[in-house]
Amino acid sequence: MPQKYGMYDYALNSVGFVECETPYSIVVLTSLGDKGADVMAKINSIAYEHFK
């Protein structure tokens, strides 16, 4: 999955494109600091299971 990942203060952000049977783009913006990585992973996992 090509993606762009970034962090500024407590904002952790990720933008990605998933090429599966039904391709999709996903954007996750958080203000959770280091905990944001876990949230982003869980959200993308849910989206991937839905679209694959």
Side-chain angles (χ1 to χ4, degrees):
M1 175 176 105
Q3 70 172 343
K4 172 65 175 125
Y5 185 89
M7 184 171 188
Y8 181 78
D9 288 334
Y10 290 102
L12 188 59
N13 311 307
S14 182
V15 176
F17 178 76
V18 181
E19 296 182 54
C20 58
E21 188 174 319
T22 305
Y24 66 94
S25 296
I26 186 166
V27 177
V28 181
L29 309 171
T30 73
S31 60
L32 302 173
D34 292 335
K35 294 178 185 177
D38 290 334
V39 171
M40 288 190 302
K42 289 177 184 174
I43 290 171
N44 191 42
S45 179
I46 291 167
Y48 180 76
E49 287 300 316
H50 176 77
F51 288 110
K52 73 173 187 177

What are the two closest heavy atoms between Thr30 and Asn13, and how far apart are they?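 Closest pair (atom of Thr30, atom of Asn13, distance): N-OD1, 3.7 Å.
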
Rounded at 0.5 Å granularity, tell me how far CD1 in Ile46 sits from CZ in Phe51.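 With rounding to 0.5 Å, CD1 (Ile46) is 12.0 Å from CZ (Phe51).
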
With rounding to the nearest 0.5 angstrom, report the CD to SG distance, Glu49 to Cys20.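 With rounding to 0.5 Å, CD (Glu49) is 10.0 Å from SG (Cys20).
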
Do other residues, nucleotides or ligands put more than 12 heavy atoms under 6.0 Å from the OH atom of Tyr10?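 Not more than 12 within 6.0 Å, no.
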
Side-chain (Tyr24) to main-chain (Tyr48) donor-acceptor, under 3.5 angstrom: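 Between the backbone of Tyr48 and the side chain of Tyr24 there is a qualifying donor-acceptor contact (under 3.5 Å).
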
Yes or no on side-chain contact (heavy atoms from CB on, under 4.5 Å) for Leu12 and Leu29, after CA distance, side-chain angles and deciding distance? CA-CA 6 Å; Leu12 188 59; Leu29 309 171; over 6 Å; no

How far apart are the C-alpha atoms of Ile43 and Ile26, what are their side-chain angles, what is the distance that settles it, and do they pass the side-chain contact (heavy atoms from CB on, under 4.5 Å) test? CA-CA 9 Å; Ile43 290 171; Ile26 186 166; 4.1 Å; yes

